Amino acid sequence: MCGIVGYIGKNKIKDILLEGLAELEYRGYDSAGIAVLQDENFSIYKAVGKLENLRNKTQDFHPEGFAIGIGHTRWATHGKPTELNAHPHIGSNSYVVHNGIIENYQELKASLIKEGFNFVSQTDTEVIVHLFESKLTKLNDPVKAFRATLDELQGAYAVLLITACSPETIFFAKHGSPMLIGLNGDEKYFASSDTPIIGLAKEAIYLEDGENGYLDATSTHLFNEKYEPVKEQTKALATSKLSAQKDGYRFFMEKEIYEQTHVISDTLMGRLGEAEINFEELDPELFLGINEIKLCACGTSYHSALAASYLFERYSKIRCSVEIASEFRYKEPLMCKDTLFVVISQSGETADTLETLKMAKRAGLKSLVICNVDNSSMVREADASILTRAGIEKGVASTKAFATQMVVFWMLSLYLAKQRKTLTSIELAKHVSLLREVPSTVVVKDELHEKLRRLSKRYLHGHGFFFIGRDVFFPLALEGALKLKEISYLHAEGYPSGEMKHGPIALADPELFTIALMPTNLLYEKTKSNVEELSARDSTICAISAREFDKADDFIKIEERSHYMHEFFEMMVVLQVLSLEISVRLGNDVDMPRNLAKSVTVE
Ligand code: AGP
C-alpha cells in the first residue's frame with residue numbers, strides 16, 4: 001500500500017519528509033517522491049526504487065525556515081513504477097499525493113483532456129490535481145475548488161494537496177484509506193499511519209472516512225463529507241514504532257488477515273461492471289486462439305491456482321491444468337501454442353515459477369502473471385500482468401495475497417466467460433453482485449476469533465491433522481494444512497474428502513484431527529458422508545459449516561451463505577486464524593517461522 005506524509009513548520013522539512021517515508025517503507029513501495037513549497041516556490045523530487053535513490057536526488061536541496069511539504073511512497077496499482085508515475089503529481093501550480101484507487105478516473109481523465117489538460121502519467125491519481133486546477137479556474141477559491149474536486153471522486157483515497165495560490169496551507173481528505181494529522185504546537189504532520197510521527201507529534205487526529213479540510217501552522221479546519229465543521233478529536237500517539245507498523249496487532253500475519261476485507265475492496269475496485277469484469281491492463285486479444293489455460297505456481301499460490309482451475313472449467317468452459325513449478329521445470333512438458341501459460345506469485349520472484357515462465361515463453365506460448373508486486377521479475381517477463389493489490393505482505397505465511405489471488409481468479413473466470421459467451425448476462429450480473437459482497441465475508445468477527453483462540457488449546461498435539469474438502473474446498477484444505485504446518489510445525493495434510501477411504505482412513509483414531517470443510521452450497525451431502533465415515537472410526541473431527549453437524553467433536557459455525565465462494569472466503573479466514581492461534585499457543589514466531597523465507601528465489 002502507498003504511504004503518505006506531510007509537514008507544515010519551520011524545522012528541517014526535507015529530513016522530516018524523507019524520514020517519515022522511511023518509517024512507511026514497511027507498507028511496501030516501488031517509487032517515492034516529495035514536494036516542498038517555500039516562499040511560493042516549489043521543489044519536487046521523485047525516484048524509482050528505494051528511498052536511497054530519492055535521498056541521493058535531494059542531497060543538494062537544503063530548505064531552511066518555514067515551509068510546507070508532502071511526500072509519498074507508491075505501491076503501483078495503475079501504471080508501471082516509473083518517475084512519471086511516482087507521486088507527487090503535478091499541475092501548473094499544485095501538487096498532490098494519494099493513497100487508494102480513484103474508481104472513476106478514466107471518465108474524469110477524458111473530460112479533463114477535452115478541457116485541455118495534459119496528462120504525463122498512467123496513474124489514476126493525476127486526475128486529482130488537474131481536476132482541482134480546473135475547479136480553481138472556475139471557482140477562484142481553493143477551498144471551494146478542493147471540495148468540488150472531492151465531490152467528483154469515486155473510490156478510496158487519502159489525499160494531500162498543496163497549491164501556490166495558498167502557499168501556507170495543506171488540503172487533505174480521507175475516504176477509505178488511512179490518514180492522520182499529528183499536532184505539536186505550530187508544527188503539523190500528516191501520515192498514513194502513526195509510525196512516522198511517533199516522537200515528533202504529541203497527539204494525533206485519526207481522520208474518519210469522509211473527513212476533509214485544510215490546515216496551516218496556526219489553525220486546523222476539519223469538516224465532514226457534508227462540509228459541516230467537525231470538532232477535532234485528538235488521541236495520544238502509540239509509543240512503539242514496531243507495534244505501530246503492526247497497527248496494534250500482535251503479528252503482521254494477524255494484521256494481514258484483518259486487512260483482507262480492505263485489500264479485497266482494492267482488488268475489486270474499478271474492475272466490476274454491471275454484468276462484466278474490466279481488466280484495463282489486459283488486451284482481450286491475449287485470449288485469442290487460446291483453448292487451454294495452464295496455471296503454474298508454488299506453495300500457497302499453487303493452491304489458489306488449483307481452486308481457480310475449477311472456476312475456469314465451470315464458468316469459462318475452458319480446459320485448465322495446474323502445475324507445481326518445481327515439477328514442471330524438469331518433466332519435459334508438452335507445450336502447445338494454443339495454451340495460455342499463467343503464473344501466479346505474490347512476490348513475482350520465486351525462482352521455480354519464474355523459470356517455468358521463461359520456458360513457456362521460449363516455447364512460444366502467450367503468458368500472463370497474477371502478481372502482487374509490480375515491476376517484479378515475473379511482471380517484467382510475462383506478456384501481460386494482473387496486479388492483486390494486496391499491498392505488502394510481511395508475514396511469511398501468505399494470507400491476503402492468497403485471498404486477493406482468489407478474487408482475481410474468480411473475476412478472470414468471469415471475464416473469460418463473457419468473452420467466450422459461456423455465461424449469460426444475468427448469470428454474470430449475479431456473480432458481480434456476489435463479488436461485491438466478498439469483502440464482508442472476510443471480516444474477522446471478535447466472537448469467532450475468541451472461539452478459535454479458545455479452541456486452539458485442544459489442537460496442540462496429536463499425530464497429525466487432515467484438512468478435507470471437495471471441489472474448490474480441496475485446494476482450500478491444502479492451504480489450511482499449509483498454514484498450520486508453516487507456523488505451528490505440526491504435521492498436517494490437505495486431502496480430497498472423497499479420497500479418505502482410499503487409504504488415509506486407516507489413520508483414523510482419536511489422535512487424528514480432521515478439519516472438515518463442509519459448505520452447504522456445494523456437495524454438502526457427499527462431504528457429510530465422508531466426514532461421518534471418519535467420525536464412525538472415532539477420529540477427532542472439527543467441522544466448519546453453516547449447518548449444525550452433530551457428529552463433530554468441535555463445530556465452527558459460519559454464516560448461511562447463498563454461494564459456495566462466500567463460504568470459501570469465510571472458511572479461509574477460519575483456517576488462517578485457527579493456525580495463528582495454535583502457533584501462538586506453541587510459542588512460535590508467527591511472522592518469521594523457522595526454515596522459511598518470504599520469497600524463495602533459489603531452486
Ligand atoms: C505460503 O504461505 C508460503 N509463504 C509459500 O508457500 C509461498 O506461497 C510460495 O513460496 C510461493 O511464493 P510466491 O507466491 O511469492 O511465488
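Numbering of ligands and ligand atoms starts at 1, following listing order. Here the structure is a predicted model, which is why all the values come from computation and not from measurement.
Short contacts between ligand 1 and Ser345, defined as distances under 4.0 Å to a heavy atom of the residue, involve ligand atoms 13 (P), 14 (O), 15 (O), 16 (O). Here is the list of ligand 1 atoms found below 4.0 Å of a heavy atom in Glu486: 1 (C), 2 (O), 3 (C), 4 (N). Every atom of ligand 1 with a heavy atom of Ser398 under 4.0 Å away is listed here by number and element: 1 (C), 2 (O). For ligand 1, the atoms closer than 4.0 angstrom to any heavy atom of Val396 are 2 (O), 3 (C), 4 (N). The atoms of ligand 1 that sit less than 4.0 Å from any heavy atom of Ala397 are 2 (O). Within ligand 1, the atoms closer than 4.0 Å to a non-hydrogen atom of Ser301 are 8 (O), 13 (P), 14 (O), numbered from 1 in the order shown.
Closest protein heavy atom to atom 10 (O) of ligand 1: Val600 CG2, 3.9 Å. Shortest contact from atom 15 (O) of ligand 1 to any protein heavy atom: Ser347 OG, 2.7 Å. Among protein heavy atoms, the minimum distance from atom 8 (O) of ligand 1 is reached at Thr300 N, 3.1 Å. Protein heavy atom at the shortest distance from atom 9 (C) of ligand 1 is Cys298 O, 3.9 Å. Looking at atom 12 (O) of ligand 1, its nearest protein heavy atom turns out to be Thr350 OG1, 3.4 Å.
Under a 4.0 Å N-O distance rule, the pair Lys80/Asp30 does not qualify as a salt bridge. Glu447 and Lys451 are not joined by a salt bridge, as no carboxylate oxygen comes within less than 4.0 angstrom of a charged side-chain nitrogen. Salt-bridge annotation for Arg470 and Glu499: absent, with no side-chain N of the basic residue lying under 4.0 Å from a carboxylate O of the acidic one.
Side chains of Asn521 and Arg561 form a contact here, defined as non-hydrogen atoms less than 4.5 Å apart. Contact annotation: the side chain of Glu280 never approaches that of Arg271 to less than 4.5 Å [non-hydrogen atoms, C-beta and beyond].
For an aromatic pair to be called close, the ring centres must be under 6.0 Å apart, and His431 with His563 satisfies this. Ring-centre distance between Tyr258 and Tyr249: below the 6.0 Å cut-off. Between Phe513 and His491, the distance from one ring center to the other does not fall under 6.0 angstrom.
The closest approach between Glu349 and ligand 1 stays at or above 4.0 Å for every heavy atom of the residue.
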